[in-house]
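For the numbers below, each heavy atom of this structure counts, side chains included, while hydrogens, waters and symmetry mates do not.
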2 protein chains.
Amino acid sequence: MTASNRDDEKLKSEIRLRFHQLGQRFTQEREALLAVLLTTDRALTPQELYEAAQKSETVGLTTAYRIIETLTRIGFAQVILINGELRYRLCSPTHHHHMVCTQCQKVEEFAECQLEGLDYGSFHPTSHRVEIFGLCEQCQKGSS
Amino acid sequence: MTASNRDDEKLKSEIRLRFHQLGQRFTQEREALLAVLLTTDRALTPQELYEAAQKSETVGLTTAYRIIETLTRIGFAQVILINGELRYRLCSPTHHHHMVCTQCQKVEEFAECQLEGLDYGSFHPTSHRVEIFGLCEQCQKGSS
DNA sequence: TGCCTTATCGAAAATGGTTTTCAATAACTA
DNA sequence: TAGTTATTGAAAACCATTTTCGATAAGGCA
């Protein structure tokens, strides 16, 4: 189950590069956590990330929190508020928006963005966020 | 300092009506908290709401949390994630989006919405959220 | 108006997610 | 390979939010 609309190999090497530039080390723990993030298309809670990583490597919950913080700060992950919970997902660093399944927390990226031409008056925009909530194909079938 | 793009009097009577329909009482504490929410255009943390309400009435922090929960649940307030913090703002129940000042947390509503014509493929959208982040007019002047 | 029912209040305790601490460990560099 | 230092993780600290529960007051009704 690969996140189809992300180029995972490219993303991985970009992150490696960025870590190197920042003088950060590529530890086994980070490798395992990143592998989890790369192979899911769901937005995860730190707890979920931690649990999923246990399958391949012993990783502490603190370390899961730390990698999320780092990836978010350098732009390779984004926080999404789903059903009142903060969840995190690995993202391509290019401009995009999200389709979010509120049942399974799957997140699909999409590039179309129609907010460029709008008139914001005296407000000075610096960034924006568009989230489409709904049900993914699987969850439409699975439940009534 | 009134939130110019909300019809506060109308909103207040709508909320009163809704509370009545739900068998909820209109206490002095709720009155005070609602007054704060009606007279600010900023998104507030529960703590800030609590502190602001003290000026006119003694209100407990728990009560501030409770009114936020209720207003959010019945659609008269929305949560917004600003600089990693969850903040809440009274909103008109009609469809709209937000311009959010990341410095003073002022939130302006706007009605334009250009997401209707998009193709979501097999994804079944049920709602969406658009947030424009930036600096409001005052904060552009105030700081370099 | 005053009574009665019951929603609401709030202080305190409990909860639980997140961050900090710090000694041990392991990645990278020279 | 050795030395430097970023990283780890268990435990403690932190703190925002929720729960508890006895006291209070809102609002319906006689």
Side-chain angles (χ1 to χ4, degrees), chain A residues 12-13 15-37 43-74 77-88 105, chain B residues 12-13 15-37 43-74 77-88 105:
Chain A
K12 186 171 180 179
S13 59
I15 292 171
R16 274 201 127 94
L17 177 62
R18 200 72 228 293
F19 268 52
H20 193 80
Q21 289 173 343
L22 295 169
Q24 302 204 330
R25 295 173 184 176
F26 221 76
T27 62
Q28 292 193 324
E29 291 82 359
R30 289 180 179 180
E31 189 91 54
L33 290 164
L34 192 57
V36 170
L37 290 169
L44 304 180
T45 62
Q47 181 72 35
E48 286 174 344
L49 172 59
Y50 159 74
E51 284 166 13
Q54 302 309 319
K55 289 168 189 165
S56 61
E57 181 80 22
T58 301
V59 177
L61 179 57
T62 310
T63 303
Y65 274 98
R66 285 196 272 237
I67 194 105
I68 284 174
E69 194 282 326
T70 302
L71 288 172
T72 304
R73 183 163 37 75
I74 66 180
Q78 273 186 236
V79 58
I80 309 178
L81 183 60
I82 309 178
N83 301 329
E85 264 185 338
L86 294 180
R87 290 175 169 271
Y88 301 84
Q105 288 82 50
Chain B
K12 185 171 180 178
S13 59
I15 293 171
R16 274 203 127 94
L17 177 62
R18 201 72 227 293
F19 267 52
H20 193 80
Q21 290 173 343
L22 295 170
Q24 302 204 329
R25 295 174 183 175
F26 221 76
T27 62
Q28 292 192 324
E29 290 82 359
R30 289 179 179 180
E31 190 91 54
L33 290 165
L34 193 57
V36 170
L37 290 170
L44 305 179
T45 62
Q47 181 72 35
E48 286 174 344
L49 172 59
Y50 159 73
E51 284 166 13
Q54 301 309 318
K55 290 167 189 166
S56 60
E57 180 82 19
T58 302
V59 177
L61 179 57
T62 310
T63 303
Y65 274 98
R66 285 195 271 237
I67 195 105
I68 283 174
E69 194 283 325
T70 302
L71 288 171
T72 304
R73 182 163 38 74
I74 66 180
Q78 272 185 238
V79 58
I80 309 178
L81 183 60
I82 310 178
N83 301 330
E85 264 185 337
L86 294 181
R87 291 176 169 269
Y88 301 84
Q105 287 82 49

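Of the two residues near DNA chain D, A/T63 and B/P46, the one whose nearest nucleotide lies more 5' is A/T63.
The CD1 atom of A/I74 lies 9.5 Å from the CD atom of A/Q21; values are rounded to the nearest 0.5 Å. The distance from the CD atom of B/Q54 to the CG atom of B/L49 is 9.5 Å, given to the nearest 0.5 Å. We find the CD-CG distance between B/Q105 and B/N83 to be 6.5 Å, quoted to the nearest 0.5 Å. Taking CG of B/L86 as the reference point, atom CG of B/L44 lies at 13.0 Å (rounded to 0.5 Å).
What separates CD of B/E69 from P of C/dT8 is a distance of 12 Å, to the nearest Å. Going from atom CD of A/E57 over to atom C1' of D/dG9 covers 13 Å, rounded to whole Å. B/E85 has its CD atom 13 Å from the C1' atom of D/dC15, to the nearest Å. Going from atom CG of B/L44 over to atom P of D/dT17 covers 13 Å, rounded to whole Å. We find that CD of B/Q21 is positioned 17 Å from C1' of C/dA7, with the value rounded to whole Å. Spacing between atom CZ of B/R66 and atom P of D/dA16 amounts to 18 Å, rounded to whole angstrom units. The CG-P distance, from A/L17 to C/dC28, rounds to 14 Å in whole Å. Rounded to an integer number of Å, the gap from A/E48 CD to C/dT18 P is 11 Å.
Applying the side chain to side chain donor-acceptor pair (under 3.5 Å) test to every pair with at least one member in residues 56-73 of chain A, sequence neighbours left out, gives these pairs: A/E69-A/R73.
With D/dG28, C/dA12, D/dG9 as the choices, the nucleotide that has an atom nearest any side-chain atom of B/H20 turns out to be D/dG28.
Of all the heavy atoms in A/R30 and A/R25, the pair that sits closest is NH1-O, 2.9 Å.
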Evaluate the criterion side chain to side chain contact (heavy atoms under 4.5 Å, CB included) for residue pair A/I67 and A/L34; output intermediate values, then yes/no. CA-CA 8 Å; A/I67 194 105; A/L34 192 57; 5.7 Å; no
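Phosphate contact (OP1/OP2 of D/dT18, side-chain N/O of B/Y65, threshold under 4.0 Å): absent.
Contact annotation for A/T45: no contact, since no heavy-atom pair falls under 4.0 Å across all strands. Counting any heavy atom pair closer than 4.0 Å across all strands shown, B/Q24 reaches sugar-phosphate atoms only and no base atom.
Listed by residue number, the members of residues 25-34 of chain A with any heavy atom below 4.0 angstrom from DNA chain D are A/R25, A/T27, A/E29, A/R30.
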